[in-house]
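As the structure is a computational prediction, the values presented were derived from the model and not from experiment.
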Amino acid sequence: MAHPHNECQRNPVLPMTRSPRLFPFTGRTRPATATLGPVNTPLLGPTNAPRSSRLAGLDGLRALAVIAVALYHFFPAMLPGGFIGVDVFFVISGFLITGLLVSEHTRTGRISLHRFWQRRARRLVPPLIPVVLISCTIAFVIGGDVLVGLGAQLVGASTFGYNWVSIANDASYFSVNEPELLRNLWSLAVEEQFYLVWPLLLLGVLLIRRPRVRLAIVTTLFIASALWMGVLYQPGADPTRVYYGSDTHSFGLFAGAALALLLRRPSGQRNEVPRLRPWLGGAAILTIIAFALWLPEDGTATYRGGLVAVSVATAVAIWAGVRGGRFGRLLDAAPLRYLGERSYGIYLWHWPILVLVQLLWPASSRASSLLPIGLVATVITLVFAAVSYRWLEVPIRQVGVRGSIRQIGALWTGPTRRRRLIAATSALSLLLVGGTTAAVVAAPAQTSAQLRIERGQRAMDAAARAAAQAAASEAARQATATPALVDGPITAIGDSVMLASAPELQATFAGMTVDASVSRGMYSADDILLALQAAGQLQPVVVIGLGTNGPITTSELTEILRILGPDRQLVLVNAYAERDWTDGVNARLAEFASGNRRVELANWHDVIAGRLDLLAGDHVHPGPTGGQLYADEVHAAVQRLAAVPPLPDTSWLMRDSDAPSSPPYR
């Protein structure tokens, strides 16, 4: 996320002389004694609205957006759809940027691309630099998984191409297994790419004299981007490509642009439905909140209409706020206005701070500390954002980068205390640059979780080769006795946790075939089982560990048992992961296992809960020692199944009464 802080708002410390730049939707400036007229009246408000240098409601909307995003990351169970706050920012940005450009074109007959891009860089880059340098330096001190891929992240941050760099590297926005330090910069990249391309397109649009045709073109771009997201989205697959893509996720920016063009109409059409406007704005806010509470991050509804609806609702809220009246004033209440003014800094800082706080939090208490981690990260974020706003953003906005440098130089000629402060700041800056450089140089190629998963994959591949080599001799050899259940053939189906434990499983169970893969969920089990059954490879005992990557349902478990049939037994491995759904998954697995004598539970969660040092940095994937604990718990569950006595044979009750009797038990 990035957003142009409302360039039309007036800072209280600025001189009272008004500059044309402060009123982006005004055709020209007016003297204090001039009479408002159709040419120079601000085109966003009703004709009888008082002159104001601030667009009402925008700071409040920014505040709601950044609160939603922060809650989604800090307390995901509280606001599972809070990621839509980014789309609110997109609409605000498209609205303000288009208004600024169109006003400049109306006023001067041209658009100065150099000045526009210079203003964008001056607004967005200075607050970003300390975020990157401080975060990377602290990450270097911590070391480990957080450094993986940091070089590519810095390339994406410095080129404003973070979204495409992430797509090229198959990074996932929704992954909680990899501590990607600068992940939130993807939206900044989307907006910067819009700022680069849109002024050029808008110059062509403004050559068209008919306002309706202009609006139709921008609306077409909005619809095209939304449809492209729906077309590229694949249900069940990771949605990062369509979420990160500038082509698929620019509809919010175009929605804001269309609104800016829509509001530039003759004065007689500007004060639409003044009585209904507050109610429509309130309904739009409630709609946004409802989507933040309900919209799933990986659901079809999100990418085939949900995010588009959020953009439309945001456009309605902006319209209701900037047109004047009570709604905009309510939305800009003091607390929301405070957060809205600092929303850019809050967004930049909140994610790196969360990642670093999680890494520094004591591992032994991590699973039960999500709430305090979120609270600590919130406090630190607000402090850093306030410092950035007060000492970096406001000064640069007032006097520019060069002016700020001159003011810093002037401090050097002042008292000794100030010179010492400048020297200390310079030394700290050099230290941060060195720390960031060292972080890139020291970054490992893979995370500890990736290394453990690859270790499991190599073990599975080796076992498959050994099984193929022994297939001919095994087919010719007949077993002389039925082996015990624990030593017999077993089919294991699982996710990346089972994959990381595959070497230990295969060493513990000589007859086990492991079929495990990254990012699998319980929903995939039935297709895998049916395929193995059709190939004749489904063994008498089946072990399933698919609870790590998402919620499960009783119907999914019932379908698994139906496919297995009455003659096979099932071991369900529960999950250990710091996810919202883990407790529900484990409760459902325990309940299902307790209600069926052919099902046993392997309690991986309780086995590993006190041994987080045996897991990778993501606190999910076990190493060799943890993998052996996994295998031992599965072994114990299989033994418990073997100890269950068979059901009595009641088939004799159905026989002919004149037939010879059979013993009631096998």
Side-chain angles (χ1 to χ4, degrees), residues 2-11 14-15 17-31 34 36-45 51-56 58 90-125 191-215 217-219 221 250 253-267 270 315 318-319 322-323 396-403:
H3 58 280
H5 200 83
N6 193 347
E7 293 193 16
C8 60
Q9 70 185 35
R10 173 172 49 85
N11 194 288
L14 291 177
T17 303
R18 291 182 171 90
S19 163
R21 184 172 62 86
L22 298 180
F23 303 99
F25 293 91
T26 305
R28 63 186 69 172
T29 57
R30 65 175 178 87
L36 293 177
V39 175
N40 53 20
T41 302
L43 295 181
L44 288 179
R51 175 83 176 210
S52 174
S53 58
R54 177 181 295 274
L55 297 178
L58 294 191
F90 281 174
V91 180
I92 295 173
S93 296
F95 172 72
L96 286 174
I97 289 303
T98 304
L100 289 166
L101 293 172
V102 173
S103 290
E104 180 181 357
H105 188 271
T106 301
R107 189 170 58 250
T108 66
R110 59 188 293 272
I111 294 176
S112 174
L113 297 177
H114 173 74
R115 289 185 58 199
F116 170 76
W117 289 328
Q118 186 180 54
R119 289 196 304 269
R120 292 296 89 227
R122 186 175 65 187
R123 172 69 184 99
L124 300 175
V125 174
E191 291 198 9
E192 279 297 313
Q193 291 156 31
F194 178 80
Y195 299 157
L196 181 64
V197 175
W198 177 235
L200 303 175
L201 295 177
L202 186 60
L203 283 173
V205 172
L206 293 178
L207 293 176
I208 301 172
R209 294 185 176 275
R210 299 181 61 183
R212 291 186 178 181
V213 177
R214 296 177 180 177
L215 182 61
I217 292 174
V218 178
T219 303
L221 293 173
S250 291
L253 293 157
F254 286 121
L259 177 64
L261 293 178
L262 182 65
L263 296 185
R264 296 188 63 85
R265 292 178 295 168
S267 59
R270 286 200 302 269
I318 293 173
W319 161 76
V322 302
R323 292 304 244 180
I396 290 177
R397 192 179 309 151
Q398 291 176 353
V399 299
V401 176
R402 294 179 181 177

Please find the pair of heavy atoms, one from [X] and one from [Y], that lie closest to each other, and give the distance.
X: Ala257; Y: Val218; value: CB-CG1, 3.9 Å
X: Ala258; Y: Leu215; value: O-CD1, 3.3 Å
X: Ile92; Y: Leu58; value: CD1-O, 4.3 Å
X: Gly99; Y: Ala260; value: N-CB, 3.9 Å

Looking at side-chain heavy atoms only, is the closest gap between [X] and [Y] below 4.5 Å?
X: Leu124; Y: Tyr195; result: yes
X: Phe116; Y: Leu100; result: no
X: Leu200; Y: Leu113; result: yes
X: Leu261; Y: Pro211; result: no

Contacts of type side chain to side chain contact (heavy atoms under 4.5 Å, CB included), residue Val125, not counting sequence neighbours: Ala121, Ile129, Phe160
Can you list everything that forms a side chain to side chain contact (heavy atoms under 4.5 Å, CB included) with Leu196? Sequence neighbours excluded, please. Trp117
Distance from [X] atom [atom1] to [Y] atom [atom2], nearest 0.5 Å?
X: Glu104; Y: Arg110; atom1: CD; atom2: CZ; answer: 7.0 Å
X: Phe194; Y: Leu253; atom1: CZ; atom2: CG; answer: 5.0 Å
X: Leu206; Y: Leu101; atom1: CG; atom2: CG; answer: 8.5 Å
X: Arg119; Y: His114; atom1: CZ; atom2: NE2; answer: 10.5 Å

Taking side chain to side chain contact (heavy atoms under 4.5 Å, CB included) as the criterion, tell me which of Val213, Ile217, Val102 meets it with Val205. Ile217
I need the full list of side-chain hydrogen bond (donor to acceptor under 3.5 Å, both in side chains) pairs touching residues 198-210, with sequence neighbours left out, sorted by first then second residue. Thr98-Trp198
Apply the test side-chain contact (heavy atoms from CB on, under 4.5 Å) to residues Phe95 and Val322: give CA-CA distance (whole Å), side-chain angles for both, the deciding distance (0.1 Å), then the verdict. CA-CA 11 Å; Phe95 172 72; Val322 302; 4.2 Å; yes
